[in-house]
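Since the model is a prediction, treat every value here as computed from it, not as a measurement. Any value given below was found using the heavy atoms of this structure, including those in side chains, with hydrogens, waters and symmetry copies removed.
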Amino acid sequence: MNVLYRNGDILTMEHGAYPEAVLTLGGRIAFVGSGEEARRLAPENVVDCDLAGKTLMPAFVDSHSHISAVANGTLQLNLENCQSADEVKKALSAYIEKNRIGPDEWILAFGYSGTLLKTDLDEVCKNPVFVSGKSKHFGIFSSCALHLLGIDSKDGYLEETALYEAEKQIPMPGYEKLKEAYRKAENEYFSYGICTIQDACVPQELFSFYNEAVKENLFCADIVVYADARDLNKAKEELAQIWQQYKNHVKMCGAKLFLDGSPQTKTAWMKEPYVGGGTGFRAMDDDALRAHLETCSRHNLQVIAHANGDMAAKQFIDALLEQKRMPPRPVVIHAQTISDAEIERIAGKDISLSFFVAHTYYFGDIHMKNLGAKRAGRISPCGTAERCGVRFTLHQDAPVIRPDMFETIYCAAARKTKDGAALSEKERISVYDALLAVTKNAAYQCFEENDKGSIREGKKADLIIVSQNPLKIQRECVKDILVLETIKDGKTVFKRDQKI
């Protein structure tokens, strides 16, 4: 489709004044500049899009999430509104009755953040039941589920590596169910203006799904896949058609490592103890980490590492800087408590930080209890990274929270907890710099800076029309901006209140 966009603010994320018009031809941006010149260059069949005072800007690029988990969430029971174990039991009972769940069927649920035991689940039914915690770092299994998985647990509680290994054994839905679930997930990302979506740490059990999805040309969004680093040989073999290149909107971009847990569950690996004791856990020893990095270097493959704690971040950076040849554009994922010293060490290196900055709002009060006010205050130190000249991106780790980029931009600029506590002001960044993190910086992170992240001639027509210009309103209002339309490769894939 050929489209002429005019009569609104055009936020290019490039230097210079607001242009009057943007012309897209065949899915690419053909012209950015004066309205008169755009009309002169436009073909006869051009669609005239009157922005009517709304804002056109580049679509967002997701720098870290799990579309597979978001898709699976559409097939599961949402327990986010449950405030107690009794409410969970009532919700499970209603779900079983409404969906006519058979006695041997697995029941999967997510989003509960309170205390739950396997006995609570056993009281509801004899089915295999798994409830994933809100943070995705812990979960509860019923007795039947534990038996089927061959796991011995007194209370049904598993976390971190043990949880991840158990989840991999849960039977997957059939392809048709999965296909519909991924389409729903893709539409959710589109509704938040995201046209490039990450799927981090895809297990080898899903490789065949992705091959079928590529064969069917299932996706409209671009899906950037990262395999578990332990499965790289299998990924190289089974995902050869998408290895570091797009085919029908899917590419295998790199490998994912886990180096620790989360600060909200006191499992992130910390130098200094948490309030009440303990320093979290170390998920990988140095030799194993070096081996993975050497493998990625050999394949010229990007590596991204989950590192919430300051010690986990240090371990990753130490290992990277020891490499004779560093893997291309490595990323420290989350980096919640990375120290100033480590940020300074990577200045001038092609290493990025990807902050889950909405921790400030969603988990800030928990961090205050677990880490104390001083350490919690500098969670997601975007300001320090900016001052040191270190490239960073912002993400939501969906499905941990919804992939709402404008909410994330607000969190980076405001740094307030749910209870209203103000976290370190020196780590605040401007709305513009937060926008850079989810557009140009995020495009660079996935090697697509020449195609995405800004409105510039020659780039893909991955665009969004939003209700307000985020640079012309008060910071507190940014989170309320609505994505009205999402355009992928020049075609509308989402329009608010309309089905596409």
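The pair Arg345-Asp318 meets the salt-bridge criterion, with a side-chain N (NZ, NE, NH1 or NH2) lying under 4.0 Å from an Asp/Glu carboxylate O. By the 4.0 Å N-to-carboxylate-O rule, Glu216 lies close enough to Lys179 to be salt-bridged with it. Using a 4.0 Å cut-off between charged side-chain N and carboxylate O, Arg183 and Glu186 make no salt bridge. A salt bridge between Lys251 and Glu448 is present, with a side-chain N of the basic residue lying under 4.0 Å from a carboxylate O of the acidic one.
Here Gln396 contributes atom CD and Thr408 contributes atom OG1; the two are 3.5 Å apart, rounded to the nearest 0.5 Å. Taking CD of Glu212 as the start and CG of Leu206 as the end, the distance is 13.0 Å to the nearest 0.5 Å. Rounding to the nearest 0.5 Å gives a distance of 9.5 Å between CG of Leu423 and OG of Ser380. With rounding to the nearest 0.5 Å, the separation of NZ in Lys247 from CD1 in Ile242 is 10.0 Å. Rounded to the nearest 0.5 angstrom, Glu386 CD and Glu427 CD are separated by 10.0 Å. Atom SG in Cys296 sits 9.5 Å away from atom CD in Gln323 (nearest 0.5 Å).
Gln315 places a side-chain N or O within donor-acceptor distance of the main-chain N or O of Met284, the cut-off being under 3.5 Å. Using modelled atom types, no side-chain atom of Asp260 and backbone atom of Ala312 make a donor-acceptor pair closer than 3.5 Å. Judged by distance alone, with hydrogens and angles left aside, the side-chain atoms of Asn370 form a donor-acceptor pair with the main-chain N or O of Gln264 at under 3.5 Å. Judged by distance alone, with hydrogens and angles left aside, the side-chain atoms of Gln445 form no donor-acceptor pair with the main-chain N or O of Thr393 at under 3.5 Å. A donor-acceptor pair under 3.5 Å links the side-chain atoms of Asn211 to the main chain of Glu238, judged by distance alone. In terms of modelled atom types and a separation under 3.5 Å, the side chain of Arg496 and the main chain of Val483 share a donor-acceptor contact. Without hydrogens or angle criteria, Thr55 side chain to Asn469 main chain gives a donor-acceptor distance under 3.5 Å. Counting only distance, with no hydrogens or angles, the side chain of Lys452 and the backbone of Thr196 share no donor-acceptor pair below 3.5 Å. Here the side chain of Asp419 pairs no donor or acceptor atom with the backbone of Ala421 at under 3.5 angstrom. Under the 3.5 Å distance criterion, the side-chain polar atoms of Arg378 are matched with a main-chain donor or acceptor of Ile338.
Counted within 6.0 Å of CD on Gln474, heavy atoms from surrounding residues, nucleotides or ligands total 12 or fewer; the atom is thus considered open. More than 12 heavy atoms of other residues, nucleotides or ligands sit less than 6.0 Å from atom NZ of Lys349. Dense packing is recorded around NZ of Lys479, with more than 12 heavy atoms of other residues, nucleotides or ligands lying under 6.0 Å away. In the displayed structure, Asn81 atom CG is contacted under 6.0 Å by at most 12 heavy atoms of other residues, nucleotides or ligands.
For the ring-ring contact (aromatic ring centres under 6.0 Å, His included) test with His306, the passing option among Trp269, Phe316, Tyr164, Phe258 is Phe258; the others fail. With Tyr157 as reference, Phe138 is the one residue of Phe141, Phe138, Phe130 to meet the ring-ring contact (aromatic ring centres under 6.0 Å, His included) rule.
Within the 4.5 Å cutoff, the side chain of Gln302 has no heavy atoms near those of the Gln244 side chain. Contact of the Ser352 side chain with the Asn441 side chain is not registered, since no non-hydrogen atoms from C-beta on lie closer than 4.5 Å. Residues Val478 and Ile473 are in side-chain contact: their nearest non-hydrogen atoms beyond the backbone lie under 4.5 Å apart. Side-chain atoms of Phe406 and Phe60, non-hydrogen and from C-beta on, do get closer than 4.5 Å to each other.
Judged by the 6.0 Å and 45° rule, Lys460 forms a cation-pi pair with Tyr246. Judged by the 6.0 Å distance and 45° axis criteria, Arg329 is positioned over the aromatic ring of Tyr444.
A donor and an acceptor atom, one from each side chain of Asp310 and Thr337, are nowhere located under 3.5 Å apart. Asp480 and Tyr410 share no donor-acceptor pair across their side chains, judged by distance under 3.5 Å alone. Between Ser454 and Lys459, the side chains place a donor N or O and an acceptor N or O closer than 3.5 Å (distance only, hydrogens not considered). Side-chain contact annotation: Tyr175 with Glu180, donor-acceptor N/O pair under 3.5 Å absent. With no hydrogens or angles considered, no side-chain donor-acceptor pair links Glu87 and Tyr112 at under 3.5 Å. Counting only N and O atoms by type, the side chains of Ser65 and Gln198 include no donor and acceptor under 3.5 Å apart. A side-chain N or O of Asp231 and one of Gln204 form a donor-acceptor pair less than 3.5 Å apart.
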Problem set entry | Stepwise side chain to side chain contact (heavy atoms under 4.5 Å, CB included) test for Val224 and Ile197 | CA-CA 6 Å; Val224 182; Ile197 306 168; over 6 Å; no
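Ring orientation note: the planes of Phe209 and Tyr182 are close to parallel, at an angle under 30° on the 30°/60° scale. In this structure, His66 and His64 have perpendicular ring planes: the angle between them is above 60°, well past the 30° mark. Classified by interplanar angle (parallel below 30°, tilted 30° to 60°, perpendicular above 60°), the ring pair His334/His395 is tilted.
Listed here is the closest heavy atom pair of Phe355 and Pro381: CE2-CD, 3.5 Å. Heavy-atom minimum distance, Val390 versus Ile346: CG1-CD1, 3.7 Å. When all heavy atoms of Cys195 and Lys488 are compared, the closest pair comes out as CB-CD, 3.5 Å. The two residues Asn308 and Ala268 make their nearest non-hydrogen contact at CB-CB, 3.7 Å.
Thr486 is linked by a side chain to side chain donor-acceptor pair (under 3.5 Å) to nothing, counting only residues two or more places apart in sequence or in another chain.
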